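Taking it in order: structure first as structure tokens, then the write-up.
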There are 2 protein chains.
Amino acid sequence: MTASINDVARAAGVSASTVSRALRGRPGVSDEVRDQIKAVAAQLGYTASRSASSLASGRTFTIGVLVPYVGRWFFGTVLDAAEQVFSAAGYDVLLYNLGSPETRKRFFTRLPVRKRVDAVLTLLIPEEEESAALRSLGVPLATTVGGARPGFTVVGIDDRAGTENAVRHLVNLGHRRIGMISGSSGPLHWTTPIDRRNAYLDVLADAGIAHDPALEADGDYTVEGGERAMTELLAVSRPPTAVFAQSDEMAMGALRALRRHRLRVPEDVSVIGFDDHELADVVGLTTVAQPVADQGAEAARLLLRQLDELGAEPPGQVRMPIRLVLRETTAPPSPRGPQ
Amino acid sequence: MTASINDVARAAGVSASTVSRALRGRPGVSDEVRDQIKAVAAQLGYTASRSASSLASGRTFTIGVLVPYVGRWFFGTVLDAAEQVFSAAGYDVLLYNLGSPETRKRFFTRLPVRKRVDAVLTLLIPEEEESAALRSLGVPLATTVGGARPGFTVVGIDDRAGTENAVRHLVNLGHRRIGMISGSSGPLHWTTPIDRRNAYLDVLADAGIAHDPALEADGDYTVEGGERAMTELLAVSRPPTAVFAQSDEMAMGALRALRRHRLRVPEDVSVIGFDDHELADVVGLTTVAQPVADQGAEAARLLLRQLDELGAEPPGQVRMPIRLVLRETTAPPSPRGPQ
DNA sequence: CCTTGTTGCGCAAGCGTTTGCGTTCAGATT
DNA sequence: AATCTGAACGCAAACGCTTGCGCAACAAGG
């Protein structure tokens with residue numbers, strides 16, 4: 001049996017309430033008594049039971065974090081950074097990996113975080129019904145992906161601007177047949193793929209390039225999907241000379257497909273990604289960099305601030321900077337075209 | 001205010017105890033009453049408060065997972081798989097990201113999981129003192145890394161065999177100057193780097209190759225570290241013609257260094273990694289594959305089994321299979337050697 | 001010397017469950 | 001008809017904290 005607050009109280013010759021106040025730095029305890037209690041507690045190896053204290057106080061000092069796939073670089077990185085901020089502030093994080101539709105549904109119907117967390121950070125886009133469920137928790141909410149949603153603090157990037165940078169870069173290099181590997185699939189209504197697609201279309205229009213629907217393929221935001229998509233794009237009658245992939249992982253898949261087809265990058269086909277994945281540099285991928293870890297950390301900080309200032313800070317919206325990172329997968333189109 | 005058990009009891013015209021028993025499937029409730037209670041609970045959107053129920057029952061239905069760096073592929077993947085198993089069994093996971101020495105120390109001294117989790121899965125190697133702290137929690141313990149440790153169920157691979165496969169592959173190709181990028185650093189006494197190093201030395205000895213200490217460099221298990229290490233190896237008077245990196249991430253760093261030095265892979269230098277990182281295929285890296293996600297899932301399953309069978313199942317030790325994956329970064333040494 | 005504050009601490013009532021035990025009551029057993 | 005037996009359910013006591021309130025004791029102000 002580990003020590004309870006009463007054991008500490010007895011050993012220190014005071015009441016349990018005094019122990020509670022002393023250990024949590026609340027007023028109403030003289031310094032001498034406080035020090036003595038701390039000493040006794042340390043000596044007994046006492047730590048307050050979280051269950052008991054949250055039951056009594058209503059505060060849990062726990063943050064729920066919802067992630068679609070912990071294993072994917074983007075989410076893992078965001079989570080990592082957010083966790084650091086939370087734990088530095090004394091909060092624990094309860095992780096929910098909601099990749100599959102079943103676990104996701106189960107989560108939102110049973111809502112296991114009810115009365116268990118002080119706030120929720122979600123890295124997946126809740127549908128309308130789901131965000132209503134989250135709001136019903138009555139705790140601060142934040143997200144690092146997708147667009148604005150009532151009740152959520154969102155920290156993100158300017159997807160349109162990022163995409164414009166990328167596509168314009170290809171245009172400036174002289175490309176006219178510019179393909180896109182998107183990630184529109186999934187039941188998640190996520191504004192990112194849409195924003196990026198619109199920006200892509202806009203840049204093409206701006207440059208006076210007619211849009212060819214055959215030059216768009218779905219890559220599902222995975223490496224394999226990117227590979228499949230690139231393969232599709234290579235199969236059309238006049239393949240693209242350059243491809244914009246909505247994520248680095250898909251871009252890498254595209255790279256793999258190109259290698260399989262014995263096509264050189266960037267001589268035959270240029271490829272540009274999005275994210276600046278930690279390994280983008282290894283493969284020399286040109287991409288649009290976004291501060292992934294920073295977004296997680298910032299979202300966490302905003303959440304904590306809402307927790308501190310009880311004066312319900314209205315959920316804000318912050319945009320992080322993006323920048324084009326030129327590496328070795330983009331170049332002017334070859335005069336011969338890919339063959 | 002969300003509904004409490006008493007609200008449900010009142011609405012259903014029964015006592016709170018009956019509600020508790022009904023909802024948790026315990027005997028002592030007639031089927032009709034049970035169904036009716038379930039209906040009422042669903043209608044009220046009632047979920048039992050975890051804090052209250054764990055305070056009362058002692059069970060938390062929560063697993064603590066300790067990870068050094070969530071953002072790294074290996075750990076993220078293990079965590080992902082483990083979480084799925086846990087959540088499918090109705091357990092939540094409390095995540096602790098213990099990468100930095102400070103957070104790590106804080107965790108082990110304050111032990112915030114005390115009375116908060118039913119079991120612990122650690123993806124970092126606790127030092128003697130730390131594992132004693134974990135054992136003091138009195139809950140089942142498991143790990144997916146490092147060697148045997150009293151009180152821990154460990155799921156892992158045969159590091160020696162994996163390394164032997166890798167190094168022998170290089171030897172068989174005809175290499176004689178075989179470098180190694182290791183990851184011995186860190187305060188974690190981790191048997192993996194040591195096992196792998198020993199196996200490396202053994203294979204060299206077996207092949208009658210004299211060991212050259214200048215051909216070993218520390219890559220810190222990161223991409224950047226691998227790049228640095230490779231750079232060091234290239235600076236010695238007679239650089240290696242092949243390099244075994246103890247992780248794919250370091251191998252990728254090495255690839256980057258080689259590209260910077262305008263050295264071709266595998267023509268000038270062969271590189272082999274370890275792990276079969278999800279992007280190893282993209283860069284064509286030859287490597288030793290280990291079932292990463294499976295290890296996480298298996299460890300989680302073993303933990304759950306210990307939780308179910310109260311008959312204290314003695315902690316076991318399971319070894320998962322490894323296999324050599326030949327891709328494009330290894331080849332026989334060039335007659336000229338790297339220049 | 002008697003108020004009026006402070007300060008430091010203990011009392012006890014929760015917080016929302018779980019669970020051992022007691023009670024009730026219908027049906028089975030003598 | 002009297003007794004026994006379960007099954008089904010309610011009572012109330014934990015579980016280990018937090019916190020509003022009350023009560024000394026003591027300092028300062030009149």
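Because the structure is predicted, anything quoted here is derived from the model rather than measured. Proteins come first, then strands; the chains are lettered A, B, ... in the order of their sequence lines, and each starts at number 1.
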Presence of [X] side-chain N/O under 4.0 Å of [N] phosphate oxygens OP1/OP2:
X	N	value
A:S20	D:dT18	yes
B:S30	D:dC9	yes
A:S53	D:dG16	no
B:S57	C:dT18	no
B:T18	D:dG10	yes

Report yes or no: is the cationic atom of [X] (NZ for Lys, CZ for Arg) under 6.0 Å from the centre of the six-membered ring of [Y], at an angle within 45° of the ring normal?
X	Y	result
B:R106	B:F108	no
B:R72	B:F74	no
A:R110	A:F107	no

Rounded to whole Å, how long is the line connecting atom [atom1] of [X] with atom [atom2] of [N]?
X	N	atom1	atom2	value
A:I37	C:dG10	CD1	C1'	12 Å
A:R24	D:dT18	CZ	C1'	6 Å
B:R26	D:dA8	CZ	P	16 Å
B:L55	D:dC15	CG	C1'	4 Å
B:Y46	C:dT18	OH	C1'	10 Å
B:D7	C:dT17	CG	P	9 Å
A:L23	D:dT18	CG	P	9 Å
A:E32	C:dC9	CD	C1'	13 Å

Look at the side chain of B:N6 and decide which nucleotide, out of D:dG16, C:dT17, C:dG10, has an atom nearest to it.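 Of the options given, the side chain of B:N6 lies nearest C:dT17.
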Of the candidate nucleotides C:dT17, C:dT19, C:dG10, which contains the atom at the shortest distance from the side chain of B:I5? C:dT17
Answer yes or no: is there an ion pair linking A:K38 with A:D35, defined by an N-O contact shorter than 4.0 Å?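 No, this pair does not count.
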Residue pair A:T62 / A:D92, side-chain donor-acceptor N/O under 3.5 Å: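 The answer is no; no qualifying pair exists.
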Both B:A56 and B:G28 contact DNA chain D. Which one's nearest nucleotide lies toward the 5' end?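 With B:A56 and B:G28 compared, the 5'-side residue is B:G28.
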Would you kindly compare A:A48 and B:S17 by the position of their nearest DNA chain D nucleotide and give the one closer to the 5′ end?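 Final value for this comparison: B:S17.
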Can you tell me whether the side chain of B:R21 and the base of D:dG10 have a donor-acceptor pair closer than 3.5 Å? yes
